[in-house]
Amino acid sequence: MTPTIVPEVTLSSCDMTMPVIGMGTSSYPKVDPETAKAAILEAIRAGYRHFDTAFIYGSEQDLGEAIAEAFRLGLVKSRSELFITTKLFASFAERDLVVPAINMSLRNLQLEYVDMYLIHWPFKFGKMVSSMPVEKGVLLPLDIKSVWEGMEECKRLGLARGIGVSNFTSEMLEDLLSIANIPPALNQLEVNPLWQLKKLREFCKAKGIHVTAYSPLGASGTRYGENKVLGTKVLQDIAKSKGKTTAQIALRWVYQQGVSLITKSSNKERMNQNIDIFGWSLTEEELDEISRLPQQKTIIFASIVGPHDVVRQIDAGL
Ligand code: A2P
């Protein structure tokens with residue numbers, strides 16, 4: 001089967017392009033390294049070139065091994081064919097800890113640079129944390145000036161081609177933009193038909209910040225998402241009428257919002273399905289019907305990190 005060519009989006013603030021679909025590598029509980037590596041190689045065979053990881057996922061090493069194997073097998077010829085994103089963990093969210101943190105991620109990934117480095121969460125942990133929720137005193141507000149200086153240093157040193165954020169509210173983006181020498185290229189957020197986040201997306205657009213969706217299927221089948229997005233009748237009916245799957249309708253809806261997306265599947269057939277969302281489109285009527293779906297957020301930080309005021313404020317702004 002010929003691999004699908006995924007379109008690219010231009011990230012205006014850092015003059016680079018990014019494939020609009022990435023493959024996510026987080027899993028809970030974490031899959032074993034061989035399974036993780038096999039899934040990444042399968043994704044490369046299907047045409048995925050954009051991979052999304054994070055220090056806290058524990059998947060950087062598996063992704064690094066899979067990339068090295070993809071080069072050995074000749075599936076990928078040059079580093080520039082790949083787009084690799086990783087994220088700064090909250091325990092390292094301070095100016096002097098950022099460069100050592102990205103260097104640790106690069107060692108895990110066996111790479112000299114990542115294409116995108118994101119601040120994973122808009123809060124900080126006051127110490128190294130290995131399990132969540134965390135107790136009250138550990139969770140601290142982010143000193144955005146301090147941490148962004150570290151992020152800018154990563155770009156200046158050539159360790160990251162682009163820098164950005166994840167889970168940032170409009171207030172936090174305002175703060176960041178007021179001090180940034182290099183503006184954030186993108187904001188990675190939960191976006192799917194049941195969490196459309198229209199206002200925040202419009203804010204990002206007005207500021208030239210691209211939005212990437214995580215959990216575009218509402219983290220289907222996981223402890224967070226159950227089956228809400230894929231179980232939505234409106235999406236199922238549109239899928240039936242177009243001869244597509246419900247997942248493809250949800251992903252295509254995200255793409256038609258001008259939002260790139262990180263999909264996640266360990267199954268070859270679903271990987272192929274999820275990348276096959278080009279060359280057809282949702283009509284205005286279908287988009288309108290989806291825009292009226294009742295909204296329900298999947299990822300609630302207070303239930304993951306702890307019900308602290310800083311986190312509740314973030315949940316309220318996302
Ligand atoms: P699997 O790995 O068994 O395919 P999200 O991208 O919103 O985080 O959701 C990821 C979840 O959705 C994974 O559990 C994945 O399970 C499932 N999934 C991914 N693609 C599809 C698809 N095309 N149809 C049904 N479930 C899917």
key: salt bridge (charged side-chain N to carboxylate O under 4.0 Å, His left out) against K199, all qualifying residues, sequence neighbours excluded   = none
task = Tell me, please, which residues at least two apart from E152 pass salt bridge (charged side-chain N to carboxylate O under 4.0 Å, His left out).
result = none
Side-chain donor-acceptor pairs under 3.5 Å in residues 95-103, sequence neighbours left out?
residue, atom, partner, partner atom, Å
R95, NH1, E149, OE1, 2.4
N103, ND2, V99, O, 3.4

query = Any sub-3.5 Å donor-acceptor pair from N267's side-chain atoms to R270's backbone N or O?
reply = yes
Taking side-chain hydrogen bond (donor to acceptor under 3.5 Å, both in side chains) as the definition, give me every residue that meets it alongside [X], ordered by chain and number, with sequence neighbours left out.
X    : value
H210 : S260
T35  : D32
K207 : none

query = How would you list all residue pairs meeting side chain to side chain donor-acceptor pair (under 3.5 Å) that involve residues 77-87, not counting sequence neighbours?
reply = D52-K87, Y57-K87, E60-T86, S78-S80, R79-D115
ask   = Applying side chain to side chain donor-acceptor pair (under 3.5 Å), which residue pairs with at least one partner in residues 305-318 are found, sequence neighbours left out?
value = none
remark   = For W195 and L318, the nearest pair of non-hydrogen atoms, with its separation, is CZ2-O, 3.2 Å
request  = Can you sort out the partners of D62 under side chain to side chain contact (heavy atoms under 4.5 Å, CB included), two or more places apart, ordered by chain and number?
outcome  = K30, P33, A36
message = Going by side chain to side chain contact (heavy atoms under 4.5 Å, CB included), name the residues that satisfy it together with T17, two or more places apart in sequence or in a different chain.
response = E8, T10
task = Verify whether one side chain among T298 and S215 offers a donor that lies under 3.5 Å from an acceptor in the other.
result = no
Got a list of side-chain donor-acceptor pairs under 3.5 Å for residues 121-140, not counting sequence neighbours?
residue, atom, partner, partner atom, Å
K124, NZ, E94, OE2, 3.3

ask   = Which pairs, with at least one residue in residues 178-190 and sequence neighbours excluded, count as a salt bridge (Lys or Arg N to Asp or Glu O under 4.0 Å)?
value = E190-K297
